[in-house]
Amino acid sequence: MANLNETVRSSGIDFPGHLHTRQSLQYAQEFKFCDTDTVIITYPKSGTTWMQEILTLIYSDGNTLPAKTIPNWLRTPWIEHYYCENVLVNKTDHRILTTHLPYHFLAKPLKQSNAKVIYVARNPKDVVVSFYYFHKMANFLPEPGTFGEFLEKFITGEVNYGSWFEHIKEWESHRNEFNFLFITYEELMKDLRKSVIRLCNFLEHPLLPEAVDTIVRHCTFANMKENKMINYTLIPNEIMNHERGKFMRKGVVGDWKEHFTQEQKQAFEKIFQEKMNDSNIVLNCAL
Ligand code: A3P
């Protein structure tokens with residue numbers, strides 16, 4: 001399925017037609033979650049792939065074989081992607097699932113289970129930079145224009161996958177409805193070992209210190225960048241143009257400083273304050 005120039009619109013949000021269909025979005029909204037499922041929820045470019053790799057390794061007790069031999073979209077599929085139903089045939093137990101969908105798409109089916117939910121958030125200023133470069137390489141996303149133009153669309157939520165602000169606020173404000181862990185990209189970056197242990201505790205999946213060491217070693221940016229099963233180099237150039245950029249691009253905190261003008265920074269921080277004022281989310285977008 002190519003459909004590179006198609007968009008599927010649902011609840012006022014555009015999704016790339018290369019990966020989504022009306023049926024696949026419907027499938028996600030009626031998804032049968034199991035109590036043993038672990039669901040990674042992110043707005044794009046927030047550390048999804050990183051969490052997919054970490055969880056794969058936690059559940060394999062630090063055995064790197066699955067991470068090195070199975071592409072991430074097969075071992076931790078996005079439930080809204082058109083191929084998900086086939087990937088999950090005969091797989092009902094201990095699944096690692098991924099989604100970029102907003103809360104209101106999934107609330108009903110997810111509430112019917114006791115699945116573990118992990119929300120990964122990232123400083124939106126770094127998200128927008130990462131998303132901008134991803135638009136340049138991903139041929140299933142529209143041309144982003146200049147960074148300034150893309151930033152404006154990101155702020156108003158007129159980008160694929162909708163508003164970052166709505167996504168995080170909606171999920172976080174409903175956290176008590178789920179078995180929910182909120183973790184940030186910055187936290188993973190600051191202390192990966194501590195984050196892995198925090199995840200193990202939440203998942204009730206204790207690991208020996210050696211297994212934690214292996215995970216920390218395997219999940220550095222430098223190592224993941226070389227892993228074909230996660231760096232998207234298996235995807236042909238017509239779909240992701242690897243000459244126009246790398247999926248595993250920089251992997252740092254604060255790259256926004258190289259891209260935002262002083263005016264853009266001030267305007268963004270003001271909007272952030274206004275929009276996030278009514279939420280409990282602890283995320284310092286000025287850092
Ligand atoms: P950059 O574009 O800023 O480099 P997602 O998986 O949600 O699409 O997010 C992709 C972003 O996460 C990219 O950010 C990518 O480089 C970064 N990333 C992936 N694995 C990482 C790791 N192990 N360490 C740090 N950053 C990582």
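When a ligand or atom number is given, it counts from 1 through the structure's own listing order. Any value given below was found using the heavy atoms of this structure, including those in side chains, with hydrogens, waters and symmetry copies removed.
Pro109 places none of its side-chain heavy atoms less than 4.5 Å from the side chain of Glu30.
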For ring pair (Phe, Tyr, Trp, His ring centres under 6.0 Å), just list the numbers for His135 and Phe150, CA-CA rounded to whole Å, side-chain angles, deciding distance to a tenth of an Å, and then say yes or no. CA-CA 10 Å; His135 273 67; Phe150 187 72; 4.6 Å; yes

Evaluation steps, ring pair (Phe, Tyr, Trp, His ring centres under 6.0 Å), between Phe134 and Phe247: CA-CA 7 Å; Phe134 189 54; Phe247 180 87; 5.7 Å; yes

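Aromatic pair Phe154/Tyr132: ring centres not closer than 6.0 Å. The aromatic ring centroids of Phe15 and Phe105 lie less than 6.0 Å from each other.
Under 4.0 Å from any atom of ligand 1, one finds heavy atoms of residues Lys45, Ser46, Gly47, Thr48, Thr49, Trp50, Arg122, Ser130, Tyr185, Met189, Cys219, Thr220, Phe221, Met224, Phe247, Met248, Arg249, Lys250, Gly251.
Listed by chain and number, the residues in a side chain to side chain donor-acceptor pair (under 3.5 Å) with Tyr83 are His81 (sequence neighbours excluded).
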